[in-house]
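Below is one structure, written out as structure tokens; comments come after it.
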Amino acid sequence: MTSISLLGASLLNQTSFMDRASAGSRSRPSVRVGVRSDLSAIDSRVAAFESLVRDLADPAAWAAARAKSSLASVATVATTGLASPGEYSIEVSALARRQITTSTTAYSNTTETVADGGSISFTVDGETTVSIDVSTSTSLADLRDRINAQNSGVVASIANDAIANKLVISSRETGLGHGFTINDALTNSVGTVLAFEAGQGSLSGNTQNARNAAFTVDGRVENSDSNKVTAAEGVTMTLVGLGRTTLALSADTAEIRKSLESFVSEFNALEKTLSELASAETAVESGIRVAAGSALRTMTTGVRRALSDRREQSPGSLGDLGIGTRGSGGLKLDVDKLDAALATSASDVETLLRGRAGRGGIFSVLQDHLARHVGSSGLVTSSDRARSGRLPNISVAPLDTARQDKIHAINGIDRSIAALEKSYLLLAGLPNAS
């Protein structure tokens, strides 16, 4: 009975101490930046790591492709993040071009008067520009400048053939839809009036008629008013000449490798930060350190579990990609092994890391796990003012909550044992049955 009495006294004393500790924790929900900014470092490290994992789980990170045209004199190619690896057969039978119309009248110099009355306008794709009215002597250069000042669907220039100057009107863009008709009603009382071929229109009376590009993609007939066309989603090609070419698209493994190198580096930086916080030399208040250590261990355990997962596929683990643990802790990357896996099948590597339809992959699982540890409800969250660098406090409310939960749980156990001891003492004081 003596031993029970001593145990009860000990627990009662501990209860008193824990109650005081619990009360004290409510009065200091933050750590002064002047003491230590370790928790802010954790916040930024976890957020950076979570952001990188989120990017690696994004399909755009895996859709990027490198493209090559077998004959650049026929077409060149560029891709966006939506492009998927593949091969396309291209045949170009016509290039898109602008309409070009040259005046039939020529002048010895650009300052010569070409009109002193009348008007001129242009009908482009069914719409007519504002009429340019002439009421005074207007030179070839003056008329060119007035046309260009409208910034319409046509552009004016002066061509010199070493003998005389002519006005040249060109459509601003290629394609049949951008062809034009000149509405010429100019007059000139002092000389030869500027004129164009009779019956001029978008398909007649021109130095060059407008035309659409004509080409096929894997036998599918296409046409475009521009020579810059879309061959497939995320694949843009520029038509250069007539003929056949093959566009080959392969996964941009260099970018994938770069992203995985960043992942390994960010993981090691996060682990180092957590290790420093857990060390005895860290100048964070001990109660906060204990709560932080417990909460952050929960996060890192989940991270390591996700990273060590093995699947029934090939490749089936990060180790198959050359990502393994190093002797001093953290991760290391065997670039040659990663390149070999990507060269064998970049899509299988994507399936392992992203999963199917973005679910079930190592990084998608890891992303879900990390989402529970960052943001406004995360383990360590700096206040908005602390993020802006204007505040002396860093909120660690989630860690305080975790610590207080543990204190209250111990208090409950302590009180239960104290009540049990009291009941035992009452029973022990009863007279023995005769």
Side-chain angles (χ1 to χ4, degrees), residues 75-76 92-215 222-229 237-242:
T76 59
V92 181
S93 56
L95 295 177
R97 61 188 187 186
R98 292 177 172 80
Q99 175 183 333
I100 302 174
T101 307
T102 306
S103 65
T104 55
T105 50
Y107 302 90
S108 57
N109 57 70
T110 60
T111 58
E112 189 173 342
T113 298
V114 298
D116 58 8
S119 64
I120 189 171
S121 64
F122 306 90
T123 300
V124 184
D125 196 20
E127 294 188 8
T128 302
T129 64
V130 174
S131 178
I132 297 174
D133 298 320
V134 176
S135 57
T136 60
S137 294
T138 302
S139 69
L140 189 64
D142 290 338
L143 186 59
R144 175 201 60 195
D145 294 343
R146 291 188 66 181
I147 293 172
N148 289 336
Q150 287 189 320
N151 195 30
S152 66
V154 299
V155 178
S157 60
I158 296 175
N160 185 295
D161 60 5
I163 299 175
N165 299 284
K166 293 183 177 182
L167 187 67
V168 179
I169 308 296
S170 304
S171 53
R172 191 175 292 276
E173 299 180 56
T174 60
L176 284 170
H178 302 295
F180 59 87
T181 297
I182 301 175
N183 308 305
D184 180 15
L186 295 172
T187 61
N188 189 2
S189 61
V190 296
T192 304
V193 66
L194 180 72
F196 298 89
E197 187 174 318
Q200 185 278 326
S202 58
L203 294 175
S204 62
N206 305 305
T207 309
Q208 174 178 283
N209 291 335
R211 185 174 68 192
N212 281 356
F215 59 99
E222 303 280 358
N223 74 84
S224 169
D225 60 5
S226 170
N227 288 316
K228 189 172 184 179
V229 299
M237 61 179 178
T238 300
L239 308 181
V240 180
L242 308 185

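The structure presented is a predicted model; accordingly, all values stated were derived computationally and were not measured.
Heavy atoms only, all atoms of each residue included: S131 and S121 are closest at CA-CB, 4.0 Å. For the residue pair S226 and A213, the shortest heavy atom distance occurs at O-CB, 3.9 Å. Looking at every heavy atom in both residues, S157 comes nearest to L167 through O-CD1, 3.5 Å. Across all their heavy atoms, L95 and V92 have their closest contact at CD2-CG1, 3.9 Å. Of all heavy-atom pairs spanning V168 and A159, the tightest one is CG2-CB, 3.5 Å. The shortest heavy-atom contact between A94 and N212 is CB-O, 4.2 Å.
With sequence neighbours excluded, the residues forming a side-chain contact (heavy atoms from CB on, under 4.5 Å) with N151 are R172, listed by chain and number.
Note that the CG atom of N183 and the OG1 atom of T129 stand 7.5 Å from one another [nearest 0.5 Å]. The OG1 atom of T174 lies 6.0 Å from the CG atom of D225; values are rounded to the nearest 0.5 Å. In this structure, the separation between CG on L186 and CG on L143 is 6.5 Å, given to the nearest 0.5 Å. Taken to the nearest 0.5 Å, the CG atom of D184 stands 11.5 Å off from the OG1 atom of T101. Atoms OG and NE2, from S171 and H178 in turn, are 8.0 Å apart once rounded to the nearest 0.5 Å.
Looking only at distances, a side-chain donor or acceptor of N188 sits under 3.5 Å from a matching main-chain atom of T113. No donor-acceptor pair closer than 3.5 Å links the side chain of R98 to the backbone N or O of S170. Within the 3.5 Å criterion, the main-chain N or O of A156 finds a donor-acceptor partner in the side chain of N148. Within the 3.5 Å criterion, the main-chain N or O of D142 finds a donor-acceptor partner in the side chain of S139. No side-chain donor-acceptor contact under 3.5 Å links Q150 to the backbone of R146. R97 contributes a side-chain N or O that, together with a main-chain N or O of N209, makes up a donor-acceptor pair within less than 3.5 Å. The backbone N or O of G175 sits nowhere less than 3.5 Å from a side-chain atom of R211 that would complete a donor-acceptor pair.
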Check the pair T102 / I169 against side chain to side chain contact (heavy atoms under 4.5 Å, CB included), numbers first and verdict last.
-> CA-CA 6 Å; T102 306; I169 308 296; over 6 Å; no
Would you sort out whether N165 and N160 count as a side-chain hydrogen bond (donor to acceptor under 3.5 Å, both in side chains), showing the intermediate values?
-> CA-CA 5 Å; N165 299 284; N160 185 295; 2.7 Å; yes
Walk me through it: do S189 and D116 pass the test side-chain hydrogen bond (donor to acceptor under 3.5 Å, both in side chains)?
-> CA-CA 7 Å; S189 61; D116 58 8; 2.4 Å; yes
Validation: residues 192-203 side-chain donor-acceptor distances under 3.5 Å, sequence neighbours left out:
| residue | atom | partner | partner atom | Å |
| --- | --- | --- | --- | --- |
| Q200 | OE1 | I182 | N | 2.8 |
| Q200 | NE2 | F180 | O | 3.4 |
| Q200 | NE2 | N206 | OD1 | 3.0 |

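For the residue pair E112 / T110, no side-chain donor-acceptor distance below 3.5 Å is found, with atom types taken as modelled.
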